[in-house]
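Accompanying notes for the structure given below.
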Amino acid sequence: MTDDIASLRAAHERLKLLYQVSNVIHSTLDPEQALQLIIQEAVRLMRASSGSLALINPNNRLLEIQASAGLPSSAPDLKLRLGQGVTGWVARTGKPARVGDVRHDPRYVMLQRDVRSELAVPLEVMGEVRGVLNVDSRNTDAFSQSDQELLEELATQAAKVIQNTWLFAQSRLKARLLETLVSVSRSINSALHVDEALQLITREACTLMEARMCSLLMVDTARQWLDLRASSGAGPAYRDKPRLSVDESFMGIVVRRKKPMQLENVQTSALYQNVEMARQEGLVSLLSAPLIFGGQSTGTLNVYAGEPRSFSNEEVHILTALTELSVIAIEKARLYERVVDVEEQLRQNEKLSALGLLAAEVAHEIRNPLTVMKMLYHSLRLDFSPGDPRVQDDIILREKMDQLNKIVEQILDFARGSEPKLSAVNLNQLLNDLALLIRHKLRNQEIHFVRRLAPVLPEIMADGTQLAQAFLNLTLNAVEAMPQGGTLTISTRAVTLPRREQKPTHVLIEFRDTGQGMTQEERQQRHSSLLRSAKHKGTGLGLAIVSRVVETHRGKIRILSRPGKGTAITVTLPV
């Protein structure tokens, strides 16, 4: 009876102690602070002289002391292999060890000379040994079976705390990574040129993944080689390394498999091609993720660490998300460069069209006085005697006038060849395509673009290519009139002219800007002749081309403009 009461009292005291310890070690979610509290409470609870908490490093599988009490300052430098020392034996077997006198135990690794007893129990997280809780005493046989049971129960509590702090730390890391990823996406999507986007991607990846170096490789057009396009933190040895084969390199495997892959140590891996370069640059662990666009791998984004590191699933997911954003940014930059190129080509086409129209007008201007000259020349009836040297001059003069007239006719025939090729055209679709083409230019010049297109608009018979060029000219003219930004509004509607008709007879397309506007003289000059354009910037022929296109489509163009109040140009085309 007395023994039972003593046993119950001991159990109650043990539960009371565990409850107190549990409250202490559960008081924080900071991993380092939690581990330190655990070992301090273990030493106090066991009445030990010192103690340590060692965890298994997943990268090198070594036991490393993460928290200690009563040990020398050099203790954290001690690293044990699984099976080495009493602590290593516990970690490998998953069983507790109670040593009454360490001097007689061959497993013991001396850290302090005055230690006599040691008690070590495993720390299991989700059924897997992740570390060892260890206490020491200067007395022999200092720990009893009940002490061992109590420390095992404490280890169970500690394992839960460790797991919770790890989960919290991972959640906090994931939140930080996601927050940074959002910021990174804004940064890389702001780039308008491919090389600029690539450089931003590698720099932001380095920061996001806390890496020593990041690089971006792109597959060449023949899909045989991977070329270095951008890097951050790379030294000359990496930047000058040979290009990699898609078929024979580690990055090539990533490209072909279309999945992220990692190497624990590129300095020793047989899969890595540039081992000597890695040693020179101090590169150790590698995580490589493919850049995938349209179902095809276009390159790899590579993250290097300067120490052995096992990249977590969260880090792999974050890098994968970054590659997806990067691909979008790269394609956006490429499209922008293409738009710029297309715009330049359209500008060149505008100049060629203008030159054609200019040549036609010049031909008209030349033909009129030439006709008068020919008429007057024939009316002179110049008859020279056969031996007169002026006979040959007369022949040459007539031949040259005929030749000049033929050149004028050829120019006019060429100009007549630009008659429109009519087909059914949806004007709203034409304007939507135009909006897609010019959106970057409008955004760069801070121009607000408004479309007010009639939901139901009849199709017209027209040359879609010529109308697209005319509308583009009107849009670019409006943009040039708003160098400090403004608003461009394009609207369409169907009208009935004359009113007695039952169905719409015409379609109106209006281009309205808030730009500098034009004087009456400028409007007249711009609309009247290619030879008298008053435009100060560009070719000065855009509106003349528009007028010519509208006229060939049996339409009309009207300009309303006031200096400083903007311009409204309305094109009316028959249905």
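What you see below is based on every heavy atom in this structure, not just the backbone, and it leaves out hydrogens, waters and symmetry mates.
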For [X], is the [atom1] atom crowded, meaning more than 12 foreign heavy atoms sit under 6.0 Å from it?
X    : atom1 : value
R279 : CZ    : yes
R256 : CZ    : yes
K79  : NZ    : yes
R257 : CZ    : no

Check: Where do D247 and S245 land on the side chain to side chain donor-acceptor pair (under 3.5 Å) test, with the steps shown first?
Finding: CA-CA 5 Å; D247 296 327; S245 168; 4.8 Å; no

Check: Thinking salt bridges, do R309 and E315 make one under a 4.0 Å N-O criterion?
Finding: yes

Notebook entry, point to check: So do Q199 and T202 actually touch side chain to side chain, heavy atoms under 4.5 Å?
Noted result: yes

Next item on the list: Tell me yes or no: between the side chains of D433 and Q429, is some donor less than 3.5 Å from an acceptor?
Entry: yes

Next item on the list: Measure the acute angle between the ring planes of F471 and F511, then classify it against the limits of 30° and 60° as parallel, tilted or perpendicular.
Entry: tilted

Notebook entry, point to check: Say you draw a straight line from NE2 of H448 to OG1 of T514; how long is it, rounded to the nearest 0.5 Å?
Noted result: 10.0 Å

Checklist line | Separation between CG of N134 and CG of D136, rounded to the nearest 0.5 Å | finding: 5.0 Å

Item checked: Any residue meeting side chain to side chain donor-acceptor pair (under 3.5 Å) with Q267, in chain and number order, not counting sequence neighbours -> none

Next item on the list: Taking E510 for its side chain and S491 for its backbone only, find out whether a donor-acceptor pair lies under 3.5 Å.
Entry: no

